[in-house]
Amino acid sequence: MSLLVVGLSHRSAPVSVLERAALGADAQIKLLQDTVAAEPTAEAALLATCNRIELYADVDKFHAGVAELSTLLAQHSGVGLEELTPYLYVHYEDRAVHHLFSVACGLDSMVVGEGQILGQIKDSLAKAQELHSAGRLLNDLFQQALRVGKRAHSETGIDRAGQSLVTFGLQQLSSGRPVEDWARGKKALVIGAGSMSSLAAATLARAGIAEIVVANRTFDRAERLAEILSQADDTDVLARAVPMESVPVELTRADVAVSCTGATGLVLTAEEVAAAVEGRTGRPVAFEGAEAGGRTTAKAPAARTNADSGDVRQTPLPPTSVGTDEGCPLDLPAVQGGFSVMGEAAVAGMDAATLEQHAAWAGGGAVDRREAARRSPEADAELITALAATVATVGRIPERRKPEPVAEAPRPAPVLALLDLAMPRDIDAAVHRLAGVRLVDIESLAEASADAPMAADVDQVRRIVSDEVAAFGAAQRAAHITPTVVALRTMAADVVANEIARLEGRLPGLDDKHRSEITQTVRRVVDKLLHAPTVRVKQLAAEPGGAGYADALRTLFDLDQETVASVSRAEDSTEKNRGPR
């Protein structure tokens, strides 16, 4: 097994890089085709979600494989290789298996324990099977990952450690209130009709949303999703479909909007959101930070603020009175506003003579600078110590420091809540600065989930992953020797057939009954002789370091290498031609 994975995720790269590296459906297909066509690669599969892009491959050379996969990721994502490389991670063989199994269990998700990743892994496998880029190794790997993920969710309480990205996003929008209480009676707009948007719509319906409007570029898909929502037995939500052109109008009616499309550009600009809120409230909507009486545009710098979620904005303090006192020997007017006038740290940066003059001035006296300049280093040290005590009491030495955080007045409750689950983003980040709007996107979800507590069940899931990795490795090592065992049994069958043919030549009068009995006897003898060695060699090969037993078997029985290789190729061809399950 030479399994290699090269990728980047929310753990290794900032959202801005993930956003730029996101791959559309056509780019994903082309990347898989180019990967499997590359020289060091025999198989390939791609796991591309809103917060990860991972390329899995069976390679014959490690370093060449890393270089090739990294280059292909850069080419198809449009992010330069030099820029992308610092954010890439590489896993090989058992570590690659461990990584995928951890991903399948939700241990590597932005929200620990979320189960949506299982559906995304299943889709990735189906795509690789459809393109015939997955052979025996990747078929086995991804199918086993799905089983491991299901086992983790069924045998542990990992679900309690986190929720799906949709549920977590809605929890952030509800600002601590139960999602059901927050959503009850509201009207929702869902932009997109893919798997994530469908999940969001279903989650909103179960939470008690009164009405859901689905907008999608393909209107038939929007209608189909709306129909499914309307006919669901566990909800009584009103659902209807609209074309994408109706989004601006529907946004004026919505209390909450969820967007997750495959668009490469923005679906909602800040100006469009501002216009929607203005149409809903009848009042102009300003960006926070705009001057009184003015409106900034969506192209204004999108400084990130989220006051209603508890963020505190840091604003420079107004200029102090430092530098206005007459007679001060320091050049205080040169000190910029926003500096404090207290602290020992500033003492170390000034010469003793200046400090002594300042201390005397602060205490109401005067000091001759020339006399202070003649002081010894020991006296300087004593002077600095004394001056530090004076500073603590009088507080006249300027010191550069970070601005004090100033808590702003709470923002009013938003009239429009937006959840952007797309990568790259669907909604302009500048919307964060719109008064009356609450935006939760992938970046803010990453920040919010960084400190989320992890359930004790996570440890149990990690043990499951470790056990399953060991079992998968053993199965792969055992499978590696199977072509050699098949070749050995094929050779034995040929020997039996040749000897029976020779016997018939020597005993032409042998009747069918006796010929059949002799044939069966010879075959049983051969099978019994081969049974124990072949079973034992499979057991030994499954253990770590057991790869050499296949070579030993080929050497001992003088097996034709091409025969063994042909068996392997036949197995791989069968796996690659297998369609989606």
Side-chain angles (χ1 to χ4, degrees), residues 1-104 107-110 117 120-121 124 127-128 131 133-134 137-138 141-142 145 262 264-265 304 422-425 429 441-447 449-450:
M1 177 179 63
S2 299
L3 176 65
L4 174 67
V5 55
V6 178
L8 69 161
S9 73
H10 63 99
R11 294 186 181 276
S12 69
V15 172
S16 59
V17 175
L18 281 173
E19 190 174 31
R20 291 170 52 211
L23 299 166
D26 292 341
Q28 292 181 27
I29 293 174
K30 190 66 169 62
L31 173 58
L32 273 178
Q33 291 173 336
D34 288 353
T35 302
V36 81
E39 181 179 351
T41 308
E43 308 176 31
L46 177 69
L47 179 57
T49 72
C50 58
N51 53 28
R52 76 175 65 249
I53 304 170
E54 295 178 345
L55 191 53
Y56 292 78
D58 182 8
V59 298
D60 57 5
K61 298 175 184 176
F62 172 74
H63 292 96
V66 172
E68 188 66 38
L69 267 59
S70 301
T71 301
L72 287 170
L73 278 172
Q75 288 176 349
H76 289 274
S77 67
V79 180
L81 182 59
E82 291 185 359
E83 182 181 359
L84 191 64
T85 298
Y87 304 112
L88 294 177
Y89 47 78
V90 175
H91 299 298
Y92 190 57
E93 296 190 326
D94 284 353
R95 291 303 306 170
V97 177
H98 189 281
H99 176 73
L100 182 60
F101 287 3
S102 297
V103 169
L107 293 179
D108 197 62
S109 294
M110 187 178 295
I117 187 66
Q120 294 163 331
I121 292 175
S124 296
K127 178 61 68 177
L131 296 173
S133 66
L137 174 60
L138 293 185
L141 175 69
F142 275 67
T264 55
R304 188 68 180 279
M423 182 64 70
R425 71 179 76 239
D441 53 18
I442 294 295
E443 187 172 5
S444 56
L445 284 174
E447 295 171 357
S449 64

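Atom set for the values below is all heavy atoms of this structure, side chains included, hydrogens, waters and symmetry mates excluded.
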Distance (rounded to the nearest 0.5 Å) between [X] [atom1] and [Y] [atom2]:
| X | Y | atom1 | atom2 | result |
| --- | --- | --- | --- | --- |
| Gln75 | Leu72 | CD | CG | 5.5 Å |
| Leu4 | Lys61 | CG | NZ | 14.5 Å |
| Leu32 | Leu131 | CG | CG | 6.0 Å |
| Leu3 | Glu43 | CG | CD | 9.0 Å |
| Ser133 | Leu138 | OG | CG | 7.5 Å |
| Leu31 | Leu23 | CG | CG | 6.0 Å |

- Item | By ring-ring contact (aromatic ring centres under 6.0 Å, His included) - contacts of Tyr89 (at least two apart) |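 Counting only residues at least two positions away or on another chain, Tyr89 forms a ring-ring contact (aromatic ring centres under 6.0 Å, His included) with His91, His99.
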- Message: If the condition is salt bridge (Lys or Arg N to Asp or Glu O under 4.0 Å), which residues does Asp60 pass it with, not counting sequence neighbours?
- Response: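 For Asp60 there are no salt bridge (Lys or Arg N to Asp or Glu O under 4.0 Å) partners, ignoring immediate neighbours.
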Of the non-hydrogen atoms in [X] and [Y], which two are nearest, and what is the gap between them?
| X | Y | answer |
| --- | --- | --- |
| Ala44 | Thr35 | CB-CG2, 3.6 Å |
| Ser9 | Arg52 | CB-CB, 3.8 Å |
| Ile442 | Ala422 | CG1-O, 3.8 Å |
| Ala21 | Ser77 | O-CB, 3.5 Å |
| Thr85 | Leu81 | OG1-O, 2.6 Å |
| Ala22 | Met423 | CB-O, 3.4 Å |

- Message: Please identify which of these residues, Leu88, Thr41, Leu46, meets the side-chain contact (heavy atoms from CB on, under 4.5 Å) condition with Leu55.
- Response: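 It is Leu46, the one option of Leu88, Thr41, Leu46 that forms the side-chain contact (heavy atoms from CB on, under 4.5 Å) with Leu55.
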Just so I know, are the side chains of [X] and [Y] near enough to count as touching, which here means a heavy-atom distance under 4.5 Å?
| X | Y | answer |
| --- | --- | --- |
| Val5 | Leu100 | no |
| Phe62 | Pro40 | no |
| Ile29 | Lys127 | yes |

- Item | Partner set under side-chain contact (heavy atoms from CB on, under 4.5 Å) for Ala13, not counting sequence neighbours |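 Checked Ala13 against side-chain contact (heavy atoms from CB on, under 4.5 Å); matches are Leu8, Val17, Leu18, Tyr87.
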- Item | Counterpart residues, side-chain contact (heavy atoms from CB on, under 4.5 Å), relative to Ser124 (two or more places apart) | Leu47, Phe142
Please list, one pair per line, the donor and acceptor atoms closer than 3.5 Å that link side chains of residues 64-71 to other protein atoms, with sequence neighbours excluded.
unit_1, atom_1, unit_2, atom_2, d
Ser70, OG, Val66, O, 2.7
Thr71, OG1, Ala67, O, 2.7

- Among pairs that include at least one residue of residues 9-32, which meet salt bridge (Lys or Arg N to Asp or Glu O under 4.0 Å), considering only residues two or more places apart or in two chains?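 Residue pairs with at least one partner in residues 9-32: Arg11-Asp108, Glu19-Arg425, Arg20-Glu83, Lys30-Asp34.
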